[in-house]
Every structure is written in C-alpha cells, then in structure tokens.
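First the proteins, then the strands, lettered A, B, ... as listed; each starts at 1. Because the structure is predicted, anything quoted here is derived from the model rather than measured.
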Amino acid sequence: MDLSPIWLTLKLAAITTLLLLVAGLPLAWWLSKGRSFFKTIIEALITMPLVLPPSVLGFYLLLAFSPQHGVGKWLEHTFNVQFVFSFQGLVLASFIYSMPFMIGPIKSALQQLPASLAQASYTLGKTPWQTFKQVLVPNIKPSLLTAMVLTFAHTLGEFGVVLMIGGNIPGVTRVASIAVYDSVERMDYASANTYSLILFGITFLMVMCVFVFNKYHAKSPLE
Amino acid sequence: MISVTIEKKLKLYQGRQVLSVKRQFEAGSVTKIYGPSGAGKTTLLKVLAGLVTPEKGLITVDDTTWLNTYAGINLSPQKRKSGFVFQDYALFPNMTVLQHLEYATEDKGWINHLLQLGKLDKLTDHKPAHLSGGQQQRLAILRALAIKPKVLLMDEPFSALDPEMKTELIAGLKKVFTELNATALIVSHNPQELDGWADGELYIAN
C-alpha cells in the first residue's frame, strides 16, 4: 500500500494553510475596513473559487503557467521555476482555490467586532498594526481556527484543480483524492477504500476539534 | 483651553441634520454635555478624539491645531491621545484588568494608583467577562486615565454605578483631574449627576 499520496496531501494542506494564514490575515483585515468598488472586485475574485468549476480554474492556471506561454515561460527562464506538473504548482492552485475559506471567516469575524474596540486602542496612542496584532486578532481566535481548519480540510479534498495543473505523478503531484480516483479506475477498490477512510477520518477529527474548541466561544462552531 | 467650531452632518432614521458646535472650554474645566438622543453628543466626542471627521471645523487645544478642515490639518487619534470612555466601554475581551492598563501605560506606580482609585486592585487578573457592569465601567474610566490625557471625553461614564460608588469615584476623579489639569467633557443624561463638579454645560439640541 503506497501511503505517499496521503503524506503529499497533508504536506500540501499544511503549506497552503500556512501561506494563506500569512497572506489572508492582512487581506481580510483590509477588506473588513470600509467599502469601495475596488474592494468589491477583489472580494468577488477571492469568492470565485466557491462557484467556479475547479476544472475551469485549473485550465486557466495550466494555460497561464505553461512553460510555452507568457508568465510560465518567463518564470522558467528567469527563476528556473515551473508550476505545471510540479508540487509548487499544486501549492499555487490550492492557495487560490482555498482563498475564500481562509479569508471569508476572518473577514466576517473582524467585521463583527465592535468598531469601538479599535477606536479605543487608537485613542490610547496605538497604531493600526499594534491594534490589529494585540486587540483584533486575539479576539477572533475561534474564527481563525475555523478558517484554518476549513482551508486545511478543503485542500485535502481538492481534485479537479490539482489534477489539471499537477496531473498524476506519483510522489510529486499524486495527492490522495487523485489516488482514490486512480484506484477506482484500476478497479483496486481496497486501496480506494483505504485512502478514502484515512481522508474521512482526518477531516472528521479536525471538524470535531473545531466543535470542541469553539464550544464556549461561538454560537455555531463553523461561524 | 480647547476651542471648537465644527459642523458635521448626521445621518438619522428621520433624515439628515447638522451638528453645529461653537464653544470654548477652559483648561482644567469639567463640562456636562446633555440633550436628546440622536442629537450628536457622542459624535461630538468622537470628532474631538479624531475618530470622526466633520465636514467643516477648527479645533485647537492650547497652541496646537488638532483639526483645520480649511488648511487640511487633521491630527490622528493617536497624536491627539485624548482619554475616551466609550458608552459600551469598549473593553478588550482578551485582556485582564491589569493588561488593559499595561496596554495603555508602562508607569507601574500610576497603574497601582488607578487600580486603587477604581477599587479594582483585587481584580487585576479578571477579564471583562468576569466583571460586573459597574466594574467594567470603572475599568473603562481607568484605562482612559492611564495615558494621563490632557483632554478627557466621557460618554455616560457613570451610568452603571451605584450611587455610593459613583460618589466615591467622582471624589477620586476630581483629585486626578486636578493633578493632570485635564479638561473633561462628560455626556450625561442624569440631571444631578455632575452637580457641584461641572463648571459648565453644553446643551445639544435636535
């Protein structure tokens, strides 16, 4: 039984969650403050993966980062980096595809905090960054955990987008969801069942952890 | 001396109205602000703190211009550093009583003095969720005083206190205000609350 798809999936989910946390926190903060047409466009783009077929996103990423075309060609020539059929391509696709799962809950939580919290901090002489770090983020911990778990779990279950940009290369891009599909194609139901059970177990445990941790903080554990 | 001339449009359910204030406040004075709900009392305090910007206005504190909409001057709330007591207290749920004060100042002696003034010295490790309404309100007042402000803006600061505690706290605050030579603007709905303390009144009408 080859367990490399499971490890690869966990590695991909961990890296994607970490990267999205670092990039998503400031972005969600920016989006939570006021409204403008530009922000609406950015928000719509971030939300697109929720409604767009994964294969469509994967197709455009494949075109954009293909070594034969524009950006992909430039990246390969300048930095010797190739996103198509590589692990970094999976990370990029997952980053884009899971963005709404990280940014949505954080933005909502920040918007639900009373405006007077940040205002009180400003009157004490604190900068917006100090306020964000010491007042706002510590008070949205349950939503932060929810966002991280949703992002991680969503990355575990990605199929279409990773298949399009990464293909099915064992040890490199063959993640668990693709391994399940591949096993079923080969009529190897035992392997498909093992991969599926492991994925089911991990996601169930994670969601349970969120429910337990957020029990005292949120009305609904996934809010 | 604080000199205020402002005009700020208010968005109300019934329509729009303009908050117009032209007034001077002596240094070290205490002014009671009162008037009907929705007249703009809280907005006035927020304009003074730099949290809300009026359409037109000029605010000077001693020799410093805080706001001059005609010259494009608008000091940030961080630079104005006015002590602000919010009507909803705006306490930080993640911080204990002591952490609230340490967030505002590093002066340990001043922190201890304030804790005794607000009778919170036995509750330093309590978070707001584990404080009563009156204790929360006192913490909000102490936090505003922690930065030793020259201007204090207080929005209904005594509404949750019992009469005995209120009398005791006001007596303590009088001393602190004198010590800091702070100019205070206090929004209050209680007609007798500031009797014998406030030097002046400002009525804001609808």
Side-chain angles (χ1 to χ4, degrees), chain A residues 21 24-26 28-30 32-36 39 105-149 210 212-221 223, chain B residues 42-43 45-53 66 74-96 99-107 111 127-130 136-137 139-157:
Chain A
L21 183 68
L25 259 174
W29 181 36
W30 176 69
S32 73
K33 294 195 294 182
R35 294 204 65 81
S36 70
K39 278 188 186 179
I106 297 176
K107 194 198 113 193
S108 299
L110 288 170
Q111 281 177 331
Q112 279 170 27
L113 287 177
S116 57
L117 283 192
Q119 290 177 342
S121 180
Y122 296 157
T123 60
L124 297 172
K126 304 296 176 186
T127 62
W129 175 243
Q130 286 172 313
T131 303
F132 180 65
K133 215 170 48 168
Q134 288 173 267
V135 176
L136 303 184
V137 171
N139 286 307
I140 58 159
K141 269 187 194 161
S143 301
L144 209 55
L145 179 73
T146 302
M148 287 171 68
V149 169
V210 176
V212 171
F213 184 82
N214 284 358
K215 195 177 170 189
Y216 301 105
H217 298 285
K219 291 183 209 90
S220 156
E223 75 179 9
Chain B
T42 299
T43 304
L45 296 191
K46 288 193 172 177
V47 166
L48 285 165
L51 298 170
V52 169
T53 306
W66 278 12
N74 188 7
L75 288 194
S76 66
Q78 288 88 347
K79 284 187 180 153
R80 298 187 193 195
K81 272 190 108 173
S82 48
F84 202 115
V85 180
F86 289 79
Q87 200 173 8
D88 66 354
Y89 316 148
L91 297 175
F92 309 133
N94 60 312
M95 293 188 197
T96 63
Q99 284 167 340
H100 271 88
L101 302 182
E102 285 175 341
Y103 184 63
T105 180
E106 291 176 354
D107 187 340
I111 289 175
K127 288 187 175 175
H130 300 109
Q136 289 183 18
Q137 198 162 37
L139 176 58
I141 295 170
L142 301 189
R143 183 182 61 184
L145 287 169
I147 54 171
K148 296 187 178 175
K150 287 289 165 208
V151 177
L152 256 162
L153 307 164
M154 306 169 95
D155 199 352
E156 295 280 355

(Q) With a sphere of 6.0 Å drawn around CE of B:Met95, does it hold more than 12 non-hydrogen atoms of other residues, nucleotides or ligands? (A) yes

(Q) Is B:Leu91 in contact with chain A via its backbone, its side chain, both, or neither, using a 4.5 Å heavy-atom distance? (A) backbone

Q | Options A:Pro114, A:Ala118, A:Ala115, A:Gly125, ranked by heavy-atom pairs under 4.5 Å with chain B, top entry | A | A:Gly125

Hey, what donor-acceptor pairs show up under 3.5 Å between chain A and chain B?
residue, atom, partner, partner atom, Å
A:Ser116, OG, B:Asp88, OD1, 3.2
A:Ser116, OG, B:Asp88, OD2, 2.9
A:Gln119, OE1, B:Lys46, NZ, 3.3
A:Ser121, OG, B:Tyr103, OH, 2.7
A:Lys126, O, B:Gln78, NE2, 2.8
A:Lys126, NZ, B:Tyr103, O, 2.8
A:Gln134, O, B:Asn94, ND2, 3.1
A:Asn139, OD1, B:Asn94, N, 3.1
A:Asn139, ND2, B:Asn94, OD1, 2.9

